[in-house]
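In each ligand, atom 1 is the first atom listed, and ligand 1 is the first ligand listed. Everything numeric here is computed off the predicted structure, so don't read it as measured data.
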Amino acid sequence: MTMIRSGIYVHIPFCKRKCYYCDFNSYANMEDSFFSFKEAIIKEIKTRKEELKDIYTSVYIGGGTPNVLPPIYIEEILSEIYENYSLSNDAEITIELNPGLIDEEKLKSYKKAGVNRISIGLQSWQNNLLKAIGRIHTVSDFIENYGLASKYFDNINIDIMYALPNQTFENFKETLTNVIALKPSHISCYGLILEKGTPLYDMYERNEIKLADDEFELMMFHYGAELLEANGYRHYEISNYALPGFECRHNKLYWMDLHYLGFGPGAYSFVGNKRFGNIKNVKKYIDMIYNDGHAVDDVDELSLEDRMSEFMFLGLRMMDGVNDKDFKERFGESMFYVFKDAIYKNMELGLLIKEEDALKLTQNGVDVSNNVFEDFLF
Ligand code: SF4
């Protein structure tokens with residue numbers, strides 16, 4: 001398998017309806033803009049082809065809900081990428097799909113366009129919980145869609161969530177058990193994050209919903225990790241599990257702090273020492289791209305210290321941790337020297353462990369990972 005190099009992210013900012021917990025850059029009721037958006041993103045892909053000359057080992061079409069678009073648009077977007085960028089022969093090409101809007105015609109079209117990995121957002125196996133968080137699909141929609149998808153794809157991720165409002169431990173157990181029984185190659189398991197400005201946040205403020213406390217949330221996380229590992233899924237990143245050979249290459253490139261180009265409204269790119277993002281508003285994005293092929297709205301020049309810190313706290317998200325050889329290759333000195341205080345403190349606390357040349361989170365470290373990461377900021 002080709003070593004992981006650079007990646008391409010394509011943001012499709014449309015959803016059929018907004019889920020109550022979602023603060024992603026996605027919008028409902030914008031069907032009128034689908035065509036002009038597609039034309040704009042194709043122009044952006046073409047215009048920016050000189051920005052990052054490398055071999056691309058992954059493409060990720062995310063959102064939003066990419067499957068709200070006519071599938072021919074996805075084919076056109078991918079063929080524009082193939083025409084303008086060098087992809088490795090075994091590049092991982094993922095598309096995110098939401099249940100309720102998946103059909104055979106779309107799956108055939110994605111397959112034809114070179115997609116070889118799909119990611120389906122289930123979240124929970126209980127219709128009442130799906131409804132409570134504003135998902136548009138039911139469990140039976142998911143079962144039907146998953147059955148269809150597995151006819152065409154053997155590399156499938158299922159997203160599930162814990163710490164949902166009013167979710168019981170039994171609910172979570174049922175979700176996990178039924179998902180494992182489907183044997184997807186990859187499972188992402190995220191705890192709900194209550195984001196300000198979302199309907200769920202307002203419901204919480206009005207005392208209309210009850211959320212899991214930290215202890216209950218941690219208990220679900222541990223239960224999930226144990227059950228998934230017992231069923232052959234390797235816990236390779238804090239929230240991600242995969243059967244052997246199916247770790248998500250695209251997500252790994254973020255944690256490995258490698259370069260990527262992001263196309264579409266609100267999409268970020270990372271090239272050289274610069275991280276820069278497109279404007280979030282879809283109509284403004286389309287206008288800017290039509291006018292001069294670019295829609296950059298936010299540029300962040302990273303200092304050497306920023307780069308080193310990011311390398312550490314992104315890398316430590318992976319259970320294999322950060323290897324000093326890689327740190328030295330990137331920055332010319334040892335992480336054990338640059339971050340000696342942070343490393344010493346967290347090893348003393350039993351939150352980090354050194355194994356040969358690598359530094360990893362311990363089980364206790366995983367539970368309080370954000371506190372550990374903070375120590376790696378200058
Ligand atoms: S489908 Fe995904 S992106 Fe769309 S509203 Fe729901 S959580 Fe947000």
- Nearest heavy-atom neighbours spanning S88 and R249: OG-NH1, 4.5 Å

- Note on the structure: If we number the atoms of ligand 1 from 1 as shown, the ones under 4.0 Å from a heavy atom of N98 are 1 (S)

- Query: Do any heavy atoms of R135 fall under 4.0 Å from ligand 1?
  - Reply: yes

- Which word best sums up how the rings of H259 and F270 line up, parallel for under 30°, tilted for 30 to 60°, or perpendicular for over 60°? perpendicular

- Test applied, side chain to side chain donor-acceptor pair (under 3.5 Å); reference residue, S58; option that passes from E92, R117, H250: H250

- Item | Closer than 2.8 Å to atom 8 (Fe) of ligand 1 - protein N, O or S atoms, ordered by chain and residue number | C22 SG

- No-hydrogen, no-angle side-chain donor-acceptor test under 3.5 Å, Y27 and N25: yes

- Cation-pi check, K340 to Y337: give yes when NZ or CZ is under 6.0 Å from the six-membered ring centre and within 45° of the ring axis, no otherwise. yes

- Is it the case that K43 places NZ or CZ above or below the six-membered ring of F263, under 6.0 angstrom from the centre and within 45 degrees of the axis? no

- Message: Would K111 pass as a cation-pi partner of F153, given that its NZ or CZ must be under 6.0 Å from the six-membered ring centre and within 45 degrees of the axis?
- Response: yes

